[in-house]
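So the structure is just underneath, and the comments pick up after that.
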Amino acid sequence: DAGVTQSPTHLIKTRGQQVTLRCSPKSGHDTVSWYQQALGQGPQFIFQYYEEEERQRGNFPDRFSGHQFPNYSSELNVNALLLGDSALYLCASSSLGTSGGSGEQFFGPGTRLTVL
Amino acid sequence: QQPVQSPQAVILREGEDAVINCSSSKALYSVHWYRQKHGEAPVFLMILLKGGEQKGHEKISASFNEKKQQSSLYLTASQLSYSGTYFCGAADHTGGFKTIFGAGTRLFVKA
């Protein structure tokens, strides 16, 4: 079992650019959540996808958007990048179908985004 | 609102015990505990769904007081491998599927 995978591992962009981050959930999982983790802080919830729909959203602007594909993999898109978007972006997968949404989440290694 | 964790940091000697607390101003549906080592992804430790229920994982256990909206993580006979940042994640009743993490408690175990 490959676990949760994310790509790329590191990314450097300049202000105003757009970025797409990718996540493949753990085998058997159907739910993907995205988090932003600034240095020294806890993960901040961005949104969660299940059945290709956004189920929940945190306090992030519309510049942050996502998508889930039929194979449960997911993308996080960020438009008009700001310096403050520099962070570690974590993807976590879980199984809504078996846990009712309250089950454990498995985190991927993250994508380190640096905005210059 | 983000759950509040205390203490912010703790230093232990190998074999000592520690308690990390997590409290929320909102009614909780579940509490999750994770440990994150430097440069790595958070790793799931345990989840608590019922008020007052304790769960254990090796020498790490936790309790969840649903009425007080508080959870505590107990680390007994700490080992060097316990070093890291511990996060509590709280899921409330509104939607139930959004986990909000605390700022973390940094734990350092020295020999």
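First the proteins, then the strands, lettered A, B, ... as listed; each starts at 1. We use all heavy atoms of the structure for the numbers below, so side chains are in, but hydrogens, waters and symmetry mates are not.
- From Q37(A), atom CD reaches atom CZ of F87(B) across 5.0 Å, with rounding to the nearest 0.5 Å.
- Using a 4.5 Å cut-off between heavy atoms, P109(A) touches chain B through its backbone atoms (N, CA, C, O) alone.
- Considering CD of Q36(B) and CG of L90(A), their distance stands at 6.5 Å, rounded to 0.5 Å.
- The minimum heavy-atom distance between A41(B) and F107(A), with the atom names listed, is CB-CB, 3.9 Å.
- Residue L81(A) is grouped with residue F47(A) when hydrophobic side chains (ILVMFWY) are merged at heavy-atom distances under 4.5 angstrom, including chains of intermediate members.
- The number of heavy-atom neighbours closer than 6.0 Å to NZ of K68(B), taken from other residues, nucleotides and ligands shown, is 12 or below.
- Using a 4.5 Å cut-off between side-chain heavy atoms of Ile, Leu, Val, Met, Phe, Trp and Tyr, with links allowed through other members, I60(B) and L80(B) fall into the same hydrophobic cluster.
- In the displayed structure, Y72(A) atom OH is contacted under 6.0 Å by at most 12 heavy atoms of other residues, nucleotides or ligands.
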Inset, instruction - Please report the C-alpha distance between Y34(B) and Q105(A) in whole Å, then the side-chain angles of each, then the deciding distance to 0.1 Å, and finally whether the side chain to side chain contact (heavy atoms under 4.5 Å, CB included) criterion is met. - result: CA-CA 9 Å; Y34(B) 291 80; Q105(A) 296 181 78; 3.3 Å; yes
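- Counting non-hydrogen atoms of neighbouring residues, nucleotides and ligands closer than 6.0 angstrom, the CG atom of N71(A) exceeds 12 such neighbours.
- Hydrophobic cluster membership differs between L82(A) and W34(A), with clusters built from Ile, Leu, Val, Met, Phe, Trp and Tyr side chains linked at under 4.5 angstrom.
- Only the side chain of Q2(B) comes within less than 4.5 Å of a heavy atom of chain A; its backbone N, CA, C and O stay farther away.
- Between F101(B) and Y35(A) the shortest side-chain heavy-atom distance falls below 4.5 Å.
- For R112(A), no part lies near chain B; criterion is any non-hydrogen pair under 4.5 Å.
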